[in-house]
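To start, the structure under review is shown below, and the notes come after it.
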There are 2 protein chains.
Amino acid sequence: MQPGSDDAEGREDCAPRRALELFSAKWTSMILHTLHTVHDGRARTGVLHRSLPGLSKKMLVQTLREMEHSGLIERHVESAVPPAVRYSLTPLGRRFVDLVELVYDWGRRNSDALDELRPRASSRRRAD
Amino acid sequence: MQPGSDDAEGREDCAPRRALELFSAKWTSMILHTLHTVHDGRARTGVLHRSLPGLSKKMLVQTLREMEHSGLIERHVESAVPPAVRYSLTPLGRRFVDLVELVYDWGRRNSDALDELRPRASSRRRAD
DNA sequence: CTGTATCCGCCGCGATACTG
DNA sequence: CAGTATCGCGGCGGATACAG
């Protein structure tokens with residue numbers, strides 16, 4: 001698929017597509033959720049990292065960069081030595097978190113249906 | 001990260017996590033959206049495929065399998081020769097589509113903020 | 001503490017060919 | 001038309017080492 005051509009079902013839906021992309025990023029939603037509910041919208045890198053056990057440092061930083069670039073969070077350097085950096089939600093980030101929380105709520109409401117199977121996205125060997 | 005240990009911030013949040021996984025699957029939401037809004041919740045494979053220009057056949061079928069396994073859709077073989085298969089939303093699928101539509105709406109409402117930047121997930125060489 | 005750079009295995013995903 | 005199998009590449013993401 002060429003970079004010049006559109007990718008799927010027309011351009012008029014590109015904004016919703018961007019919203020889906022935000023959710024597709026593996027850790028974005030969880031980082032935002034943690035930042036919002038655990039740290040009240042503002043936290044230092046290390047603290048955030050410790051709140052997300054399965055997340056490697058590399059992915060944390062990389063995702064934070066993307067989130068910053070997407071306008072979901074802001075990066076504040078509070079001291080240079082020793083380095084102290086805090087990340088906080090932007091207005092867009094706060095609006096997106098609301099959506100993320102809706103997804104979390106949906107998951108909780110449908111936990112019984114979701115627990116019944118193992119979806120195991122991709123590369124499954126058998127439907128068993 | 002070991003398979004035996006939990007992966008992030010505890011198990012009590014596994015259902016929300018599953019919900020996020022559903023969104024993380026690249027095409028699931030769009031297929032569901034198309035199936036729901038364009039085909040009224042029920043469509044044949046080829047028709048669905050033609051409604052999603054950027055999606056390869058392989059990914060379509062693979063994603064449909066996963067969605068079926070996740071309980072979002074049902075597969076109906078309506079005739080064997082020539083093969084005619086239809087996919088339709090399950091109750092869970094219908095509930096999930098509602099959520100997907102919320103995300104689409106959110107994207108449309110925030111299209112101005114989303115259009116201002118190119119998030120380009122991963123492997124970016126420069127911040128602008 | 002915060003962040004970058006490099007190496008590298010794994011697999012997501014498209015292209016192609018084939019079955020019924 | 002619906003689906004599977006195989007190959008191949010690009011990049012996701014972990015581990016490690018390094019810098020300020």
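Reckoned from all heavy atoms, side chains included, excluding hydrogens, waters and symmetry mates. Numbered from 1 within each chain, the chains take letters A, B, ... in sequence-line order.
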A/Leu52 atom CG is separated from D/dG13 atom C1', nearest whole Å, by 16 Å

Strictly below 4.0 Å: does B/Arg65 bring a side-chain N or O up to OP1 or OP2 of D/dG3?
yes

Taking atom P of D/dG3 as reference, at what distance in whole Å does atom CG of B/Leu55 sit?
13 Å

Ion pair A/Asp105/A/Arg108, N-O distance below 4.0 Å:
yes

Would you please confirm or rule out a distance under 4.0 Å between OP1 or OP2 of C/dG3 and any side-chain N or O of A/Arg75?
yes

Gap between atoms CH2 and P, on B/Trp27 and C/dG14 respectively (whole Å):
7 Å

Under 3.5 Å, is there any donor-acceptor pair linking the side chain of A/Lys57 to the base of C/dG3?
yes

Find which nucleotide of DNA chain C each of A/Val61 and A/Pro82 is nearest to by heavy atoms, and output the residue with the more 5' nucleotide.
A/Pro82

OP1 or OP2 of D/dG14 versus the side-chain N and O atoms of A/Ser56: is any pair under 4.0 Å?
yes

On DNA chain D, check which nucleotide each of B/Thr45 and A/Pro83 is closest to and give me the residue with the more 5' one.
B/Thr45

Is there a path from A/Met59 to A/Val61 through hydrophobic residues (I, L, V, M, F, W, Y) whose side chains come within less than 4.5 Å of each other?
no

When the distance from NZ of A/Lys58 to P of D/dA19 is rounded to whole Å, what number comes out?
19 Å

When you check the phosphate oxygens OP1 and OP2 of D/dC1, does a side-chain N or O of B/Arg50 lie under 4.0 Å from one of them?
yes

base_contact_polar (D/dG13 base, A/Lys26 side chain, donor-acceptor, <3.5 Å)
no

Without decimals, in angstroms, what is the distance between B/Met59 CE and C/dG12 P?
8 Å

So, OP1 or OP2 of D/dA2: does either fall under 4.0 Å of a side-chain N or O from B/Arg44?
yes

